[in-house]
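All figures in this text were calculated on a predicted structure; none of them were measured in a lab.
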Amino acid sequence: QVQLVESGGGLVQAGGSLRLSCTTSGRTFSNYAMGWFRQAPGKEREFVATISWSGLSTYYADSLKDRFTISRDNAKNTVYLQMNTLKPEDTAVYYCAADRQPYRISRVLMSAPAYGDWGQGTQVTVSS
């Protein structure tokens, strides 16, 4: 059974930074693309970023690509989301997710249905 555990969320002032981590277990991490999504209160879950199994390819939400960076360390079975210059509108629960299929990277991974396993989420709150 695949397990994903996020960490690194918290309360930060506007303009600050946070780095989220997501550690996985239960299958070969390095074979699968990983993604980050977020969901703010009263809003639908939205795509943030995705990274290929190798780490060589990434996609970002257009509105976030200048401030957020996704990366992975396959030796540690961990994917990261570095978030800089945070804004109050970044307040949300952030989820990591693992692709349903191995060795895939395409814009389909910008949609939640592409992912088969999800973490429990970590809260990020940005104060103004």
If I take atom [atom1] from residue [X] and atom [atom2] from residue [Y], how far apart are they, to the nearest 0.5 angstrom?
X: Gln39; Y: Glu44; atom1: CD; atom2: CD; result: 8.5 Å
X: Gln82; Y: Arg19; atom1: CD; atom2: CZ; result: 7.0 Å
X: Asn74; Y: Thr24; atom1: CG; atom2: OG1; result: 9.0 Å
X: Thr69; Y: Asn84; atom1: OG1; atom2: CG; result: 6.5 Å
X: Tyr32; Y: Arg104; atom1: OH; atom2: CZ; result: 10.5 Å

Centroid-centroid under 6.0 Å between Trp53 and Tyr103 rings: yes
Distance flag, aromatic centroids of Phe37 and Tyr115, threshold under 6.0 Å: yes
Minimum heavy-atom distance between [X] and [Y], given as atom pair plus value:
X: Asp99; Y: Gln101; answer: OD2-O, 2.9 Å
X: Ser128; Y: Ala14; answer: CA-CB, 4.3 Å
X: Ile105; Y: Ser57; answer: CG1-CB, 3.9 Å

Scan residues 4-14 for pairs that pass side-chain hydrogen bond (donor to acceptor under 3.5 Å, both in side chains), counting only residues two or more places apart or in two chains. Glu6-Gln120
May I have the step-by-step check of side-chain hydrogen bond (donor to acceptor under 3.5 Å, both in side chains) for Thr78 and Thr23, ending in yes or no? CA-CA 4 Å; Thr78 301; Thr23 301; 3.1 Å; yes
Got a donor-acceptor contact below 3.5 angstrom from the Ser106 side chain to the Val108 backbone? yes
Look only at the side chain of Thr122 and the backbone of Gly9, and say whether a donor-acceptor pair between them is shorter than 3.5 Å. yes
Salt bridge (charged side-chain N to carboxylate O under 4.0 Å, His left out) partners of Glu89, counting only residues at least two apart: none
Could you work out, with salt bridge (charged side-chain N to carboxylate O under 4.0 Å, His left out) as the rule, every residue matching Arg67, not counting sequence neighbours? Asp90
May I have all residue pairs that pass salt bridge (charged side-chain N to carboxylate O under 4.0 Å, His left out) and include part of residues 117-128, sequence neighbours excluded? Arg27-Asp117
Where at least one partner belongs to residues 69-78, residue pairs that pass salt bridge (charged side-chain N to carboxylate O under 4.0 Å, His left out), sequence neighbours excluded: none
Would you please test Ser52 and Ser54 for side-chain hydrogen bond (donor to acceptor under 3.5 Å, both in side chains) and show each step? CA-CA 5 Å; Ser52 64; Ser54 64; 3.2 Å; yes
Cluster membership besides Phe68, Ile/Leu/Val/Met/Phe/Trp/Tyr side chains within less than 4.5 angstrom, sorted by chain and number, is Val2, Leu4, Val12, Leu18, Leu20, Phe29, Met34, Trp36, Val48, Ile51, Tyr60, Leu64, Ile70, Val79, Leu81, Met83, Leu86, Tyr94, Val124, Val126
With a 4.5 Å cut-off on side-chain heavy atoms, are Ser127 and Leu11 touching? yes
